[in-house]
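Keep in mind that the numbers below use all heavy atoms, side chains included, and drop hydrogens, waters and symmetry copies.
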Amino acid sequence: MHRSVRFRSATLGRANLAPLCTSHGLTRRAVVIRAAAKQQVEELEEIDPITGQPISKAALTSPVAGNAVKAGPHTWAYRVSTPEADKEAADKPEVLLLHGLASSSYSYRNTLGLLGADGYRAFAPDWLGHGDSDKPDPATFGYADQDYIAELGAFVEAVGIRKPFALVVQGFVLGQYGLLYALEHPDQISRLLILNTPLALNAKLRPELAVYKSPLPFLRPGNKTFDFMTYNMSGSPYAMAEKDALTYGRPSKDPAATVAIAKTMDQVDFPKLLKKVDEGYLTWRKPSLCLFGPSDPFVEVGTAFEFLESKRTNMKCLTLAAKLGHMPQEDYPEALHEPMMKWLRGETDADIKQGLLKMTKYGIVESKN
């Protein structure tokens, strides 16, 4: 049985659910959409549906990450929120939001707006090799964990994030690299939020990434164009707006973006990475929260509780009541915002008695037994 991936029309809502892509390939309509992408997305502008005027590239919702900073030899693209002046306060930490492998800072565009409205300055970069950031030649950048971690440190310094800052990570591989960065720089981190990221020692790569680790070399995709659009559309219980899908699909037109995925997967030993994260967080002491969407087909929410069984009580786990998938920040940012604000204010630091929690079809709830 194959799984269809669907677009949601930006103007017609979720009723327009015609399949565009299946495991057997693109439909005729998908081919037309892909052809339209060149004209519609490469213009790098978003049109305000009310005024009809172009939205600035620096706007959080622009397809392009409109800010750039030079960090060492590489240029990072990023999005940054503007705190509302009447809600900004010196005691509010700045926030660093990190996306997962093969995604981009675009996934945090609405989260950034919500954080800014509540007085927080937040930064969401495109990792190197992703989005609008540089995609270094593998001869000069190794695409291994320490390469990513070192360059993230350079970005943090270059962009001037006030330390200690609140760190948010999500997704495969780069989510774990963000966690390793925190372990190497605990003095920079005030608190940690983990959105749908594989944590359990028995976690598996999602299929699009697992194929790079096939024991049969001829089955590995190598530098075959990576389908960034379908990758980011998958994992959600909802259809995605065409504009958003096209934005996520932009890197497919850049061979260097596909090379970045292939080289990253060449370098990663996923079981060893999971073990390194698991062992590192045995002694982690900063206030931390695992906040998972319960409708994620790639990361079961119960695995977060398995991960926390051996961790200190400063690390908690909650699930969102809303029906959210692998990228909760994309699916329903408003539902994510309320618990995120509680985390930022320290309201989730109180002890959570995990023994009184049980799994239901609505997610994790407190047991009355």
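- Side-chain contact annotation: Asp331 with Ser236, donor-acceptor N/O pair under 3.5 Å present.
- In terms of hydrophobic clustering, with Ile, Leu, Val, Met, Phe, Trp and Tyr side chains grouped at heavy-atom distances under 4.5 Å, Tyr177 and Val277 are assigned to a common cluster.
- No more than 12 heavy atoms of other residues, nucleotides or ligands shown are found within 6.0 angstrom of CD on Glu300.
- Judged by distance alone, the side chains of Gln329 and Ser107 do bring a donor and an acceptor atom under 3.5 Å apart.
- Heavy-atom minimum distance, Ala262 versus Gly222: CB-O, 3.4 Å.
- With a 6.0 Å radius and a threshold of 12 heavy atoms from other residues, nucleotides or ligands, Lys135 has its NZ atom above the threshold.
- Minimum heavy-atom separation, Leu183 to Gly280: CD2-O, 3.4 Å.
- Side-chain contact annotation: Asp126 with Tyr106, donor-acceptor N/O pair under 3.5 Å absent.
- Looking only at distances, no side-chain donor or acceptor of Thr247 sits under 3.5 Å from a matching main-chain atom of Pro63.
- Ion pairing of Arg250 with Asp132 is present here, as a side-chain N (NZ or NE/NH1/NH2) and a carboxylate O approach within less than 4.0 Å.
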Q: Could you walk me through whether Phe141 and Tyr143 pass the ring-ring contact (aromatic ring centres under 6.0 Å, His included) test, one step at a time?
A: CA-CA 6 Å; Phe141 181 76; Tyr143 289 97; 4.7 Å; yes

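- Salt bridge status for Arg345 with Asp91: absent, with no side-chain N to carboxylate O gap under 4.0 Å.
- Each of Trp127, Tyr181, Trp76, Phe123 was compared with Phe155 under the ring-ring contact (aromatic ring centres under 6.0 Å, His included) criterion, and only Trp76 meets it.
- No hydrogens or angles considered: nothing links the side chains of His337 and Asn110 as a donor-acceptor pair under 3.5 Å.
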Q: Given side-chain hydrogen bond (donor to acceptor under 3.5 Å, both in side chains), test Arg121 with Ser81 step by step and report yes or no.
A: CA-CA 5 Å; Arg121 186 177 306 280; Ser81 66; over 6 Å; no

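- Hydrophobic clustering (side-chain heavy atoms under 4.5 Å, transitive across Ile, Leu, Val, Met, Phe, Trp, Tyr) keeps Tyr212 apart from Val259.
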(Q) Using the rule given for salt bridge (Lys or Arg N to Asp or Glu O under 4.0 Å), can you reason through Lys163 versus Glu157, listing the C-alpha separation, both sets of side-chain angles and the distance that settles it, and then say yes or no? (A) CA-CA 10 Å; Lys163 306 182 189 73; Glu157 295 303 321; 3.0 Å; yes

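- Of the charged side-chain nitrogens involved, none lies within less than 4.0 Å of a carboxylate oxygen, so that Asp349 and Lys316 do not count as a salt-bridged pair.
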Q) For Asn223 and Thr258, what are the C-alpha separation, side-chain angles and deciding distance, and is it a side-chain hydrogen bond (donor to acceptor under 3.5 Å, both in side chains)? A) CA-CA 6 Å; Asn223 289 331; Thr258 287; over 6 Å; no

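- With hydrophobic clusters built from ILVMFWY side chains whose heavy atoms lie under 4.5 angstrom apart, Leu179 shares a cluster with Ile161.
- Side-chain atoms of Met341 and Tyr120, non-hydrogen and from C-beta on, do get closer than 4.5 Å to each other.
- Residues Leu98 and Gly178 share a closest heavy-atom pair of CD1-CA, 3.9 Å.
- Between the side chains of Arg109 and Thr61, no donor-acceptor pair of N or O atoms lies under 3.5 Å.
- Using modelled atom types, one finds a donor on one side chain and an acceptor on the other under 3.5 Å when comparing Thr264 with Tyr148.
- For the residue pair Gln146 / Glu184, a side-chain donor-acceptor distance below 3.5 Å is found, with atom types taken as modelled.
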Q | Leu195 and Leu336: CA distance, side-chain angles, deciding distance, side chain to side chain contact (heavy atoms under 4.5 Å, CB included) verdict | A | CA-CA 10 Å; Leu195 304 177; Leu336 175 64; 3.7 Å; yes

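- Of all heavy-atom pairs between Leu282 and Ser310, the closest is CD2-O, 3.3 Å.
- With no hydrogens or angles considered, a side-chain donor-acceptor pair links Tyr248 and Glu330 at under 3.5 Å.
- Remark: Arg206 is positioned above the aromatic ring of Phe298, its terminal NZ or CZ atom under 6.0 angstrom from the ring centre and at most 45 degrees off the axis.
- Crowding of Lys275 atom NZ: a count of heavy atoms from other residues, nucleotides or ligands under 6.0 Å not exceeding 12.
- The closest donor-acceptor contact from the side chain of Thr197 to the backbone of Gly171 lies under 3.5 Å.
- The shortest distance between side-chain heavy atoms of Val156 and Phe165 falls below 4.5 Å.
- Counting heavy atoms of neighbouring residues, nucleotides and ligands inside a 6.0 Å radius, atom NZ of Lys342 does not exceed 12 of them.
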Q. Should Ser288 and Tyr281 be marked as a side chain to side chain contact (heavy atoms under 4.5 Å, CB included) after you check the CA-CA gap, both sets of side-chain angles, and the distance that decides it?
A. CA-CA 11 Å; Ser288 304; Tyr281 278 84; 5.5 Å; no

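- Ion pair Asp278/Lys311 flagged as a salt bridge, since at least one NZ, NE, NH1 or NH2 atom sits closer than 4.0 Å to an Asp/Glu carboxylate oxygen.
- Checked by atom type, the side-chain pair Asp296/His326 shows a donor-acceptor distance below 3.5 Å.
- The number of heavy atoms from other shown groups lying within 6.0 Å of CD (Glu279) is above 12.
- Hydrophobic clustering (side-chain heavy atoms under 4.5 Å, transitive across Ile, Leu, Val, Met, Phe, Trp, Tyr) keeps Leu114 apart from Trp343.
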